Amino acid sequence: AIIDSGINTVDCSSCGRLFDAAAAILGVRLESNFEGQAAMQLEAIAAPAQDGYPFDLDDRVIDFRPAIRALVDERANPAIAVGRFHATLANATAAACGQARASSGLRRVCLSGGTFQNALLIGLTVDSLQSLGFEVYLHARVPANDGGLSLGQAVIAARRLRSNHVALEARP
């Protein structure tokens, strides 16, 4: 009822919230003390997985409800469930990129954000994308999380300041 009413809820498309939900469903972490805590714990216990869970992809919107249902069904074995959860995220990312390529022709993918500090997820996602013929870019000198975001914001601010300064000098 709370979700349907929209009262005291916030829409979110963050992959980190999927990790939080998976950790809670599996009983690994019900409450986090810092950002990424649940995701780090899940990565640490993940067993290797060949297959991910099902998900739906329609018009670039990934619906993870089928995966969450499957995760609930497999919660008796958290290590296997977590491995399959990671594979699901990698597969969904690759499928969404494949769909985007079909309409745009783009062949390059940049993986960024705090979620892509997860070495297991990066490895699985890069493998999935490369198997589809994508050229994949990862962070090398700048962190994938808020550190990189703040650097990007500083670059944009400097560019705007420089543009404003040039425009003021050009005025009579």
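Only a predicted model underlies this, so the values are computations on that prediction, with no experimental measurement involved.
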Can you tell me which residue among V28, V82, L121 is in a side chain to side chain contact (heavy atoms under 4.5 Å, CB included) with F19? L121

Evaluation steps, side-chain contact (heavy atoms from CB on, under 4.5 Å), between V109 and L111: CA-CA 6 Å; V109 175; L111 300 177; 3.8 Å; yes

What's the separation between atom OG1 in T88 and atom CG in L18, rounded to the nearest 0.5 Å? 10.0 Å

Enter the distance from Q99:CD to L57:CG here, rounded to the nearest 0.5 Å. 4.0 Å

Keeping E74 on the side-chain end and A70 on the backbone end, is there a donor-acceptor pair under 3.5 Å? no

Please examine the side chains of R75 and L71, heavy atoms only from C-beta on, and report whether any two atoms are closer than 4.5 Å. no

Heavy atoms, side chains only, cut-off 4.5 Å: are D20 and S32 in contact? yes

In terms of hydrophobic clusters joined by side-chain contacts under 4.5 Å, are F116 and V136 together? yes

Quick check: is F134 connected to L106 through a chain of hydrophobic side chains (ILVMFWY, heavy atoms under 4.5 Å apart)? no

Return the minimal non-hydrogen interatomic distance between I62 and A92, and the atom names on each side. CD1-O, 3.8 Å

CD1 (I25) and CG (D73) are apart, to the nearest 0.5 Å, by 10.5 Å

Under the side-chain contact (heavy atoms from CB on, under 4.5 Å) rule, what do F64 and D56 come out as? Steps first, then yes or no, please. CA-CA 7 Å; F64 286 106; D56 293 322; over 6 Å; no

Rounded to the nearest 0.5 Å, how far apart are CG of L120 and OG1 of T125? 8.5 Å

Student check: side-chain heavy atoms of D63 and F55 closer than 4.5 Å: no

Has R29 got a side-chain atom pairing as donor or acceptor with Q37's backbone, closer than 3.5 angstrom? no

Do V72 and L26 sit in one hydrophobic cluster, given that two such residues count as connected whenever their side-chain heavy atoms are within less than 4.5 Å of each other, even indirectly? yes

Do you know which two heavy atoms are closest between A38 and A23, and how far apart they sit? CB-CB, 3.6 Å

To the nearest 0.5 Å, atom NE2 of H86 lies from atom CD1 of I122 at 10.5 Å

Approximate separation, where rounding is to 0.5 Å, of N118 CG and C15 SG: 9.0 Å

I'd like to know whether R69 forms a side-chain contact (heavy atoms from CB on, under 4.5 Å) with Y53, so could you lay out the CA-CA distance, the side-chain angles of the two residues, the decisive distance to 0.1 Å, and finally the verdict. CA-CA 9 Å; R69 286 185 199 98; Y53 295 121; over 6 Å; no

Are the charged groups of R17 and E35 less than 4.0 angstrom apart, N to O? yes

Taking CD1 in I7 as the centre, count heavy atoms belonging to other residues, nucleotides or ligands within less than 6.0 Å. Is the count above 12? no

N/O donor-acceptor pair under 3.5 Å between R101 side chain and L132 backbone: yes

Please determine if E135 and R108 form a salt bridge, counting it only when a charged side-chain N lies under 4.0 Å from a carboxylate O. yes

Looking at every non-hydrogen atom in both residues, tell me the closest pair between L129 and A94 and how far apart they are. CD2-CA, 3.7 Å

Between H139 and S112, the two heavy atoms sitting closest are NE2-OG, 2.7 Å

Under a single-linkage rule joining Ile, Leu, Val, Met, Phe, Trp and Tyr whose side-chain heavy atoms are separated by less than 4.5 Å, which residues share a cluster with F34? M40

